[in-house]
Amino acid sequence: MKFTTSYEPGEFEPDIYAAWEAADEFLPGGKVGGDGKLFDEDPDNNPKTYSIVMPPPNANGNLHIGHGLTIAIEDSLTRYHRLRGEMTWYIPGADHAGFETWVVYERVLEANKHTRFEYSRDELYAQVWDFVQEQRGNMELQVRALGASCSWKDLTFTLDENVVRRVYATFEKMWNDGMIYRGEKLVNYCTKHQTAFADIEVEHKEEKGKLWDIAYPYDGGEIVVSTTRPETLFGDVAVAVNPEDTRYKKMIGKTVRLPLTDRNIPVIADEHADPEYGTGAVKITPAHDNDDFEVGERHNLPRIQVIGFDGKMLPICGEEYAGLDTAECRKKVLHDLKEAGLLRGEKKIVHAVAHCYKCDTVIEPMLKEQWFIDVKKLAKIAIEHLEAGEIEFFPASKKQVLINYLKGLKDWNISRQIPWGIAIPMFRKVDSDEWIFDSRTNLSEIEIGGVRYVRDEDTFDTWFSSSHWPIVCTNWEEGVVNPYYPLNVMETGADILFAWVARMIMMGLYVTGEVPFKQVYLHGLVLDAHGQKMSKSKGNVINPMDLVAKYGSDAFRLGILRGRSAGMNQAFSEQSAVAGRNLCNKLWNVSRFIQEIVDNEASAPEDATDEQTVSSGTPSSAKSKGLKPVDFSLGLRDIVPEERSDSSTYTTDNMGEDWICREINEARWQVEKQMKNYRFSEAVETLHSLIWDKYADWFIESQKLYKNTGLLMTTLEAILKMLHPFAPFVTEAIWQNLSWTDGLLISANWPSDFKFDPMSAEEFEKLMNIVSHTRSTLQGLSEAYKGFSRADTTLLYGDDTLIDDNSLLVQYLTRVKSVISAEGEPRGLRLAVANSEVYLDVSSEVVSAYADSLEKKILKVGAELDSLNMRMMNPNYVDKAPAELVKETQDLIAEKQGLIERLKAERAAI
RNA sequence: GGGUCGCUAGCUCAGUUGGCUAGAGCGUCUCGUUUACACCGAGAAGGUCGGGGGUUCGAGCCCCUCGCGACCCACCA
C-alpha cells in the first residue's frame, strides 16, 4: 500500500533527506559549488543567484528551538527560490564558539581535577580541538532532521584554514591602516574565567546596593566622599569635586589623608563630580572605574591596581587586606572605617552592575594591555551605507536602532585570554615593546634576522572572525567576480543585531567595499506557551527534536512559522505542531484520494467514465509505473529530471474546476507576495486555507461527482510545489508516491498560471453560498424542531438556472433528499440567500419552530442595512469617498433590502 | 537615564500606503460515520480592536495623551 490512511513522517523523512543529498540538489543549480568553481565566467550564462548563509550553530552543541526557527525560515526561503529556478546556495556552518566552548571544556577539566594553569596554551588548544571533534556531528544530524537543504560540501567551520587566512589578512590590513592599537585600558574582566570581554558581552543588571559616605581627613577638617565601592579606596589617587560647587571650592588643591593608609591624595576639580549626587565629592580610582579612568587621564593621575586578575586584593593594600576577595575586603574596610570613626553614613540605592553573561560573576573594570580596533572609521562607513538604504531590514525599525548603536560605538577590545580560538597573529620583540604582525601562529616564537619574537598568548574575540561570515562562506576573493556576494539575505536572531549583524556590515564593507547582504531578516525569541522566556531553570524548554520525533519535521516547521512575525518575541506551544501535523495528514489524504481516482481510471475501460469526466491528459507513465511503493534503497527513479514541466494537461469542464484554478492562481500570487515581504506566517496560512478550506472542502468534494483526472493531477502538483518550501518532507513523500510524477519535487519548477473561465468561477462561488446557507438553515431547523430530518427534506428552487444546472451537486453537498424545481409553486421556508430563489420544503410547523432564528436574522440584516443607509445619508461620504466605494455601498443596500423583505415575508407567513 | 516593540475572540497571533458586515489556528458548543482524512465532516457561539482626546466623509490602522507589559542600550560615584 503506497498511501497508508495517515501520514507517518518517521517512515519517510530520513530516506527522503538522503535522496536529496545524494542527488546533489542542495548545490546551486544542482551542479556547482564547493570546489571553488562557483559559476560560469560569462555572466550571461548564469541564471539568477540566491545565496543565504546559516548562522553557524555551536559545533559541539545541540540545536535549541531558536535554531529550529532559523532553519525553518532559511530553508523555506531557500526552497522557494530554488523552485523559482534560481541558482540557490544555502551554506551551512559550525561555530567553534570560542568562549562558550571554553566554558564547557573548563568544566570538563574541573571535573577531572585539573586546571587550565597546568597546560600551555598550545596544549589546551589541542585538547579542546579533540573534545570538539568528539562531540561534533550531533548538530549536523539535527540540521538534517529539520530538512535544511543546505550545501553540506561547503560547510564552513569557523576555525577552517580559509577562515583563519581571511581573518589574518583583514587584521594585517587593519594593522597597516593604523586601525589596530595595543593599549592599556580598563577592560571588562571576569575574574572567574580570567578573560576580558567586549562591552557587548557584558550583562547589566539592576541591583540593590549601598552608597557609603567616608570621611577623608586633612589638617583642620575633612572631606566626605560617597562611594559604592569602599574596598577600592587603596587605589584612590584623588578626590574630585565639581569646580562650581561652592561647598568645596576652597578645598581644591588641598591634600587629604587616604583612610586606612599612610598616603595623601589631592583634591581636584572635575566636572565628573555631580554636586547633586551623594555628598558631591567623589574618590578617584582610575585603575578600577571607567569614569575615574577618564578623570585620571584628564588630570594626569597615576593608576594603582589593587585588585588582582584572580579577583583577590593585591599586596599593595597592606597585609591585613591582601589576598581577600573583594566582598570580604569591602566588609573589613567598612568595619575598620567605622572603628576609626570615618564612616559617616550609608544609603540604600539601586544601580546597574555588570555581570559575566556566562557565570554571573561581577565584571571588574581592570587595567590591561589589549588589542583594540579603532572603530570610528568602520562605523562611519557602515552608517553611510545604511543611511543610503543599501540594506533593507525586516522589521524596518531595526535599521535606525542599528545606526544609533553604531553612532555611539566605542573601540572594540578583540583580545581574549582563552586558548580556544584563533590566535592573534602578533609577536613581541623579546625585551621590548615592539610588536610585529606575523601569521605563523603555530609557532610560539619566531626569529627574524637574528631577532627573537614571542607570540601574543591571546586569541581573537569570536565576533572578530564571525564578522567575516558572508565573506568566507561565499569564498569571496578580491578581483574575482562572485555572484553570491553580497548575500541576498542575512537571517538571524534580533538579539545579535549589534554583536554580529553590525560587525558583519562593518567588516564586509572594509574588506570588500560592498555591504555583505542586501536584506536582513531578524527573528525574535521563541517564548513558551505563556509568553515566558524558555530557560532550564524554569523547566519550560521545548526541544525541537522532540517535536520532530513526535509530529514530524514538517509539522514542526509549519507550527513554528505560524503566528510569528519579524523581530517579535512570540509564544510557541506543542499545539502549533499538532496543527501542522494535521495539515500534512490532510494533504496526504487528498493525494491518496486523487491517486485512487487515477488508478481507477487507468484500470477502467474508456467508456466507463462519465460524459462530464473529460480527462485530457492521463499520461502513459501512470500506467507503466504501476503501483509499487517507492523503494528508496534502490535509489530514486529519474533522479536527474530531463524536463521540468507539468506532467499533465487539463481542461476545465465545470464551474468548480474554473473556481479552483482561480483560487490556486490567487493563492500562488499571495504566497509570492508574502515571501517577498518575509511574511512566512501569512504564506503558511494562505496555503493552509487553499489546501483545506478550498481544495479539500469544495473542489475535492465536487470532484466526487465530476471527475476531471487531468485537472486533479495538475492542481495537486501545483499545491505540492507551493507547500514544499514549508513542508518539504511530506510533499516530497507524496510526490514520490504518486504514480505519474517525475524526478524530485525539490528540483521541480514553481507552478505557472492556470487558465480558467472567470464567469464560471464566479458562478461557483454563488453556488457555494447557496450550499452554505442551506446547510446552516438545515442545522438551525434540526436544532429548533425535534424530529426534523434533513434526509427527508427536499430543496426547491424557483427560476434559477444555476441550481437547475447543478442540482446533483447541490444535493450531494447539502445531503438533502432531493433538489427539484418548484415549478412555480414555492412552499416551505425560503432561504435568505441574495439573488437566488431557494426553499426548503418543510411544514409550517417546522417553520414556526424556526421563528426565533428568523427573527434574529431579520434583526441582524436590519442592523447592517441601517449602518449602510446611514453612510449613504451622509452627503460628505457620497461627495468625497471614491465613486467605486459609493457604488459598492449602493449595491449592498439593494441586496440587503431584498433580503430583509424576503425574511419579513417569511415571518408573516408563519 | 535613553530607546525599541507590543496591548485585537478563552489562548496564541494576522490585519502592508485609513474604505467591507474586524480574520486565522487552537479551544468551546451542537449535529454527523458520506468514494480520502476522527490527525475527520457540517454548523454555531464568542471582540465597544488597553483608556481618553484629536484629524477625517470614514480610524484597529494616522496624531496627542495616559495606563500596562516585554526587550535593548547606558560608566552615574
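So that the names make sense, note that chain A is the first sequence line, chain B the second, and so on, each numbered from 1.
Looking at heavy-atom distances under 4.0 Å, A:Gly280 makes contact with a base. Within the nucleic acid shown, A:Gln575 comes within 4.0 Å of sugar-phosphate atoms alone, with no base atom in reach, counting heavy atoms only. When heavy atoms are screened at a 4.0 angstrom cut-off, A:Ser397 is found touching the sugar-phosphate backbone but no base atom. Counting non-hydrogen atoms under 4.0 angstrom, A:Asn404 reaches nothing in the nucleic acid. A:Ala863 comes within 4.0 angstrom of no nucleic acid atom, judged by non-hydrogen atoms across all strands. Contact annotation for A:Leu892: base contact, defined as any heavy-atom pair under 4.0 Å involving a base atom. Using a 4.0 Å heavy-atom distance criterion, A:Phe498 is classed as a sugar-phosphate-only contact. No contact: A:Asp495 has no heavy atom under 4.0 Å from any strand. Within the nucleic acid shown, A:Thr228 comes within 4.0 Å of sugar-phosphate atoms alone, with no base atom in reach, counting heavy atoms only. Nucleic acid contact class of A:Trp692 (heavy atoms, under 4.0 Å, all strands): sugar-phosphate only. Contacts of A:Pro882 with the nucleic acid, taken as non-hydrogen atoms under 4.0 Å apart, include base atoms. If you check every strand for non-hydrogen atoms under 4.0 Å, A:Ala696 touches a base.
In this structure, A:His530 atom NE2 and B:G27 atom P are separated by 16 Å, rounded to whole Å. Following rounding to the nearest Å, A:Leu899 (CG) and B:U21 (P) show an atom-to-atom distance of 16 Å. Here B:C76 presents its P atom at 16 Å from NZ of A:Lys347, a figure rounded to the nearest Å. Taking atom CZ of residue A:Arg790 and atom P of nucleotide B:U33, one finds them 10 Å apart after rounding to whole Å. Per the geometry, CD belonging to A:Glu895 stands 12 Å off C1' belonging to B:C20, to the nearest Å. Between A:Leu885 atom CG and B:A59 atom P there is a gap of 13 Å when expressed in whole angstrom units.
Taking the nucleotide of RNA chain B with the nearest heavy atom to each of A:Glu8 and A:Met568, the more 5' of the two is matched to A:Met568. The residue among A:Ser565 and A:His351 whose nearest nucleotide of RNA chain B lies closer to the 5′ end is A:Ser565.
The side-chain tip of A:Arg503 points at the ring of A:Trp412 from less than 6.0 angstrom away and within 45° of straight on.
In terms of phosphate contacts, A:Ser867 brings no side-chain nitrogen or oxygen within less than 4.0 Å of OP1 or OP2 of B:U21. When the side-chain nitrogen and oxygen atoms of A:Arg592 are compared with OP1 and OP2 of B:C37, one or more of them lie within a distance under 4.0 Å. A close approach under 4.0 Å does occur between a side-chain nitrogen or oxygen of A:Asn582 and OP1 or OP2 of B:C40. At B:C75, one or more side-chain N or O atoms of A:His204 fall inside 4.0 Å of OP1 or OP2 (strictly under the cut-off). For the OP1/OP2 pair of B:C76 and a distance below 4.0 Å, the side-chain nitrogens and oxygens of A:Tyr277 include no atom meeting the criterion. Regarding contacts with the backbone of B:U21, a side-chain N or O of A:Arg871 is found under 4.0 angstrom from either OP1 or OP2.
Checked against B:C57, B:C37, B:A44, the side chain of A:Lys880 finds its nearest nucleotide in B:C57. Nearest nucleotide to the A:Lys586 side chain, out of B:A70, B:G41, B:A77: B:G41. Taking every side-chain heavy atom of A:Asn874 into account, B:C57 is the closest of B:A74, B:C57, B:A36. The side chain of A:Phe593 sits closest to B:A36 out of B:A42, B:A77, B:A36. Taking only side-chain atoms of A:Lys707, from C-beta outward, the nucleotide of B:C57, B:A36, B:U35 with the closest atom is B:U35. Residue A:Gln779 has its side chain nearest to B:C31 when only B:C31, B:A36, B:C40 are considered. Between B:A74, B:C31, B:A77, one nucleotide has an atom nearer to the side chain of A:Ala352 than all others, and that is B:A74. In the set B:G43, B:C13, B:C57, B:G43 carries the atom at the smallest distance from any side-chain atom of A:Arg775. Counting only heavy atoms from C-beta on, A:Arg562 has its side chain closest to B:A24 among B:U16, B:A24, B:A70. Nearest nucleotide to the side chain of A:Asn876, out of B:C75, B:G43, B:C57: B:C57.
As rounded to the nearest Å, B:G1 and B:G53 have C1' atoms that lie 29 Å from one another. For the C1' atoms, the distance from B:A70 to B:G32 is 45 Å, rounded to whole Å. Nucleotides B:U4 and B:A9 have their C1' atoms positioned 28 Å apart, rounded to a whole Å. For the C1' atom pair drawn from B:U33 and B:C26, the interatomic distance equals 25 Å after rounding to whole Å. The separation of B:C37 from B:G50, taken at their P atoms, amounts to 44 Å, rounded to a whole angstrom. B:C29 sits 11 Å from B:G46 when the C1' atoms are compared, rounded to a whole Å. Nucleotides B:U56 and B:G18 have their C1' atoms positioned 9 Å apart, rounded to a whole Å. Of the C1' atoms belonging to B:U17 and B:C13, the separation is 23 Å, rounded to the nearest Å.
Salt-bridge formation is not detected for the pair A:Glu884/A:Lys887: no Lys NZ or Arg NE/NH1/NH2 atom is positioned less than 4.0 Å from an Asp or Glu carboxylate oxygen. A salt bridge does not link A:Glu574 to A:Arg581: none of the charged nitrogens lies less than 4.0 Å from a carboxylate oxygen. Between A:Asp199 and A:Lys410, no side-chain nitrogen of the basic residue sits less than 4.0 Å from a carboxylate oxygen of the acidic one, so the salt-bridge criterion is not met. The residues A:Lys673 and A:Glu682 are annotated as not salt-bridged, no charged nitrogen and carboxylate oxygen being separated by less than 4.0 angstrom.
Taking 3.5 Å as the limit, the base of B:U21 and the side chain of A:Lys896 contain a donor-acceptor pair of atoms between them. One cannot find a donor-acceptor pair under 3.5 Å joining the base of B:U12 and the side-chain atoms of A:Gln570. A donor and an acceptor atom never sit less than 3.5 Å apart when one is taken from the side chain of A:Lys283 and the other from the base of B:A77. One N or O donor and one acceptor, one from the side chain of A:Arg679 and one from the base of B:U16, sit under 3.5 Å apart. Under 3.5 Å, the side chain of A:Glu701 and the base of B:A36 form at least one donor-acceptor pair of N or O atoms.
A:Glu201 has its side chain out of reach of A:Asn188: every pair of non-hydrogen atoms, C-beta onward, lies at least 4.5 Å apart.
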- Message: Working note: A:Tyr521 + A:Phe680, criterion ring-ring contact (aromatic ring centres under 6.0 Å, His included); need CA distance, chi angles, decisive distance, verdict.
- Response: CA-CA 11 Å; A:Tyr521 179 87; A:Phe680 309 105; 5.3 Å; yes
- After noting the C-alpha distance and the side-chain angles of A:Glu601 and A:Thr709, does the key distance pass the side-chain hydrogen bond (donor to acceptor under 3.5 Å, both in side chains) rule? CA-CA 8 Å; A:Glu601 179 162 304; A:Thr709 316; 2.6 Å; yes
- Item | Stepwise side-chain hydrogen bond (donor to acceptor under 3.5 Å, both in side chains) test for A:Lys586 and A:Tyr695 | CA-CA 11 Å; A:Lys586 188 75 183 178; A:Tyr695 200 74; over 6 Å; no
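When each of A:Phe593, A:Phe12, A:Trp588 is paired with A:Phe3, the ring pair (Phe, Tyr, Trp, His ring centres under 6.0 Å) condition holds for A:Trp588 and for no other.
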